[in-house]
Amino acid sequence: MPVTMPDDRPEAPYLELLVRGAPAEAYERPVLRARADKAPADRLAALERAKLLALRVRGELEGRRRREAELSALYETAHDLAGLRDLDAVLQAIVQRARSLLGTEVAYLTLNDPTAGDTYMRVTDGSVSARFQQLRLGMGEGLGGLVAQTARPYVTESYFHDPRFEHTHTIDAGVRDEGLVAILGVPLLLGSGVIGVLFAADRRARVFEREQTALLGSFAAHAAVAIDTAHLLAETRTALAELEAANEIIRDRSRVIERASEVHDRLTELVLRGGGVYDVADAVAEVLSGSVEFLEVDEAPAAAVDRSRADGHAVRDGEENWVAAVSAGGELLGALVLRGHPRLDPMDQRTLERAAMVTSLLQLARRSAGEAEQRVRGELLDDLLDTPDREPRLLRERAARLRADLDTPHVVLAAGIEATDTGTLATGPGAAHGSGPGGAHGSGPGGGTPGSRSGGAHGGGSGGAPAEDAEGRRRLWSAASHLAVTRHGLAATRDGGTVLLLPLADGDTADALARRTARQLGTAVHAAVTVGASAPVPAPAARPGQVAAGYAEARRCLAALRVLGRAGEGAAAEDFGFLGLLLAGTREGAPDGTGVQDFVTRTVGAVIDYDERRGTELIRTLDAYFAGGMSPARTKDALHVHVNTVAQRLERVGRLLGPDWQSPALSLEIQLALRLHRLASAVGY
């Protein structure tokens with residue numbers, strides 16, 4: 001509400017202006033009005049004095065209001081620091097308040113980078129230039145670099161005309177792009193060191209007062225406290241997180257140690273009471289809260305087992321499985337597989353490895369107990385090979401005690417390990433007859449010399465056996481014996497190698513069994529193993545003589561594999577095509593020519609059957625075709641038919657025998673089969 005005073009008092013209009021908060025230029029109007037009214041000189045002088053006093057009062061009031069606003073802003077900044085949660089938000093508030101109180105167009109803050117040796121833009125308010133917002137100032141460069149280097153405030157009315165500063169192209173381009181002219185910069189001090197610079201700037205020439213420099217310095221002090229507080233909070237949080245992590249690790253380790261102690265006690269108890277490998281797997285599975293399985297050599301993942309043996313530790317297999325090799329003395333005995341664990345604590349990994357060691361000890365103990373059984377198995381197989389006139393009832397009883405059934409089809413397999421150093425054969429087809437690894441006849445892994453040059457009692461091979469590594473023979477005998485036990489068969493060492501009598505499952509073939517056995521034995525002994533197989537022996541107990549004949553056939557297959565460069569593989573006579581006729585010979589109890597008939601049926605039987613059913617002449621056409629050098633023109637002349645007829649018949653043959661029937665290997669077998677067919681027809685087979 002306006003204050004009314006008598007008009008004759010000179011201070012009256014100025015009091016009215018002070019109450020209204022009028023601008024400074026309004027204080028000239030009472031004097032100008034009095035002069036216009038031609039007031040006396042004393043009146044004009046009194047008005048001038050009142051004006052000066054009113055302006056002084058106005059200045060005091062403006063200063064008080066400004067200091068009140070500054071104190072309020074500083075109080076708000078201190079309040080922000082007290083509740084510091086986000087350093088970026090606090091620094092942004094400090095820059096905004098500095099810009100507002102100093103009335104500048106731009107305010108910004110830089111922080112020092114000790115690693116790079118410069119100061120970089122951290123927060124801006126009022127800036128519009130992307131280049132300016134990304135500026136980095138080297139120490140001593142520009143106004144900000146000088147403040148950061150000297151720890152003293154600097155101010156300039158016109159930056160580009162001030163020679164005190166080291167102008168660089170990068171800094172000047174950024175400042176010019178922002179359009180700044182007047183700049184005030186104060187250091188952010190933390191102790192005696194500078195951590196950054198706080199700026200206030202205008203896009204026009206301007207003089208910054210000392211009070212404004214002090215005010216900006218106060219904000220800089222708050223900013224330094226905010227940064228230091230944030231760093232302390234970050235360090236505190238990091239320390240707390242590290243302590244929490246360490247505490248969690250200690251708790252985990254305690255739990256793991258307890259589990260390890262529990263596993264140790266349980267494994268010890270298992271060993272003492274005669275538990276087996278599957279009991280060990282169950283105990284470890286319960287402690288590690290997963291599924292643990294013991295796998296035999298041929299069932300374990302080969303790549304993971306090899307890595308575990310080489311590394312000496314349990315290894316990851318896939319996303320959630322861990323594998324620990326079970327081995328002893330360089331021999332692989334199987335593997336423990338832990339399933340359902342994407343990650344495994346090192347202590348738990350050690351627990352799995354310790355369980356694998358206990359498993360290997362149990363396997364060795366079981367092997368020691370089973371060596372007697374293996375010798376018995378070897379003696380039974382030796383009797384089948386050497387004394388075919390044994391009483392079948394006694395053979396069945398002995399086999400039953402070994403959980404073998406000699407009234408089902410079996411296959412005789414001859415296995416030999418290949419040398420790994422010089423490439424020579426570790427065992428030869430001819431050697432002294434025996435059931436230990438090399439040497440005289442015996443039913444165990446010992447005895448005798450490596451072998452003679454002439455094939456022994458059941459030779460069937462020619463040439464001598466090179467000197468064989470004793471350790472390799474022992475490993476092959478051990479692996480073959482283990483395979484015989486798991487497959488309910490028989491095994492013995494003989495003629496410098498190993499012989500097995502394994503049951504043939506329904507749907508299986510002798511050739512497939514030979515290949516599988518070569519692979520399994522090779523994996524177990526870590527060397528190439530060659531395996532030759534006989535044709536199936538229907539009932540070894542009823543006709544023991546077929547076992548000796550099958551062994552001779554298996555050894556011939558073994559020799560053929562080596563001669564053909566297929567060492568390390570497995571095969572039966574049927575795998576060699578017409579060469580199988582030479583390997584198989586005439587089996588005991590079969591009429592002469594059975595092998596020939598099998599070969600002919602297997603090779604061209606489909607064509608013979610077609611001729612018999614349809615009354616066609618495909619066999620005659622094939623004879624003429626091969627006799628004419630595989631020329632359709634000469635074939636049609638020999639048969640006195642049209643060439644199209646020859647083409648149609650040959651097309652039918654291709655559908656019956658397969659698209660590759662004219663390949664060199666198959667055409668050779670087909671020609672031999674055709675000749676044997678003619679011969680068999682002539683002699684009445």
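Heavy atoms only: backbone and side chains are in, while hydrogens, waters and symmetry mates are out.
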To the nearest 0.5 Å, what is the distance between CD on E166 and CG on D172? 10.0 Å
Validation row: D125, Q96 side chains within 4.5 angstrom (heavy atoms): yes
Tell me which donor-acceptor pairs under 3.5 Å the side chains of residues 177-190 have, and how far apart each pair is, sequence neighbours excluded?
unit_1, atom_1, unit_2, atom_2, d
D177, OD2, S129, OG, 2.6
E178, OE1, S127, OG, 2.7
E178, OE1, V128, N, 3.2
E178, OE1, S129, N, 3.0
E178, OE2, V128, N, 3.0
E178, OE2, R203, NH2, 2.6

Determine whether I195 and N112 satisfy the following criterion, side-chain contact (heavy atoms from CB on, under 4.5 Å), listing intermediate values before the conclusion. CA-CA 5 Å; I195 63 172; N112 290 5; 5.5 Å; no
Nearest heavy atoms of V106 and G126, plus distance in Å: CG2-O, 3.8 Å
Angle between ring planes, Y159 versus F165, binned at 30° and 60°: parallel, tilted or perpendicular? parallel
Side-chain touch L44/R35, heavy atoms, less than 4.5 angstrom: yes
Contact summary for R206 and T104, nearest pair of heavy atoms: NH1-CG2, 3.5 Å
Do L109 and V197 come within less than 4.5 Å of each other through their side chains, counting heavy atoms only? no
With a 3.5 Å distance limit and no angle check, can you tell me whether S308 reaches the backbone of A304 through a side-chain donor-acceptor pair? no
Fit a plane to each ring of Y108 and F132, take the angle between them on a 0 to 90° scale, and name the class: parallel (under 30°), tilted (30 to 60°) or perpendicular (over 60°). perpendicular
What is the distance from atom CZ of R516 to atom CG of L521, rounded to the nearest 0.5 Å? 11.5 Å
side-chain hydrogen bond (donor to acceptor under 3.5 Å, both in side chains) evaluation trace for E141 with H167: CA-CA 7 Å; E141 296 178 354; H167 293 271; over 6 Å; no
Please round to the nearest 0.5 Å and tell me the distance separating atom CG of D317 and atom CZ of R339. 8.5 Å
Without swapping roles, check the side chain of R307 against the backbone of R316 for a donor-acceptor pair under 3.5 Å. yes
Which value, rounded to the nearest 0.5 Å, describes the distance between F294 atom CZ and L333 atom CG? 7.0 Å
Can you give the donor-acceptor pairs under 3.5 Å from side chains of residues 143-152 to other protein atoms, not counting sequence neighbours?
unit_1, atom_1, unit_2, atom_2, d
T150, OG1, L146, O, 2.8
T150, OG1, R152, N, 3.4

Tell me, do E157 and F208 make a side-chain contact under 4.5 Å, heavy atoms counted? no
When you look at V292 and V337, which way does the side-chain contact (heavy atoms from CB on, under 4.5 Å) test go after all the steps? CA-CA 5 Å; V292 179; V337 179; over 6 Å; no
The reported gap from CE in M121 to OG1 in T110 (rounded to nearest 0.5 angstrom) is 7.0 Å
Least distance between heavy atoms, L216 atom then A98 atom: CD1-CB, 3.7 Å
T119 and D113, any side-chain heavy atoms less than 4.5 Å apart: no
Among L91, I94, I227, whose side-chain contact (heavy atoms from CB on, under 4.5 Å) with H222 holds? I94
Got T238 and E242 here, is their nearest side-chain heavy-atom distance under 4.5 Å? yes
So which heavy atom on V323 is nearest to which on P301, and how close? CG2-CG, 3.9 Å
If you look at every heavy atom in A528 and G568, which pair is closest and at what distance? CB-CA, 4.0 Å
Under 3.5 Å donor-acceptor, R136 side chain and D118 backbone: no
To the nearest 0.5 Å, what is the distance between CZ (R131) and CG (L135)? 8.5 Å
Verdict with supporting geometry, E293 and L338, side-chain contact (heavy atoms from CB on, under 4.5 Å): CA-CA 7 Å; E293 184 180 7; L338 171 64; over 6 Å; no
Q92 and V123: which non-hydrogen atoms are nearest, and at how many Å? OE1-CG1, 3.0 Å
If you define the side chain from C-beta out and look only at heavy atoms, does anything of L352 sit under 4.5 Å from W322? yes
Donor-acceptor pair, side chain of E28 and main chain of E25, under 3.5 angstrom: no
Are the side chains of Q520 and L483 in touch, meaning some heavy atoms are under 4.5 Å apart? yes
Determine whether a donor-acceptor pair (N or O, by modelled atom type, separation under 3.5 Å) exists between the side chain of S478 and the backbone of R474. no
May I ask you to check whether over 12 heavy atoms, not counting those of R164, lie within 6.0 Å of atom CZ? yes
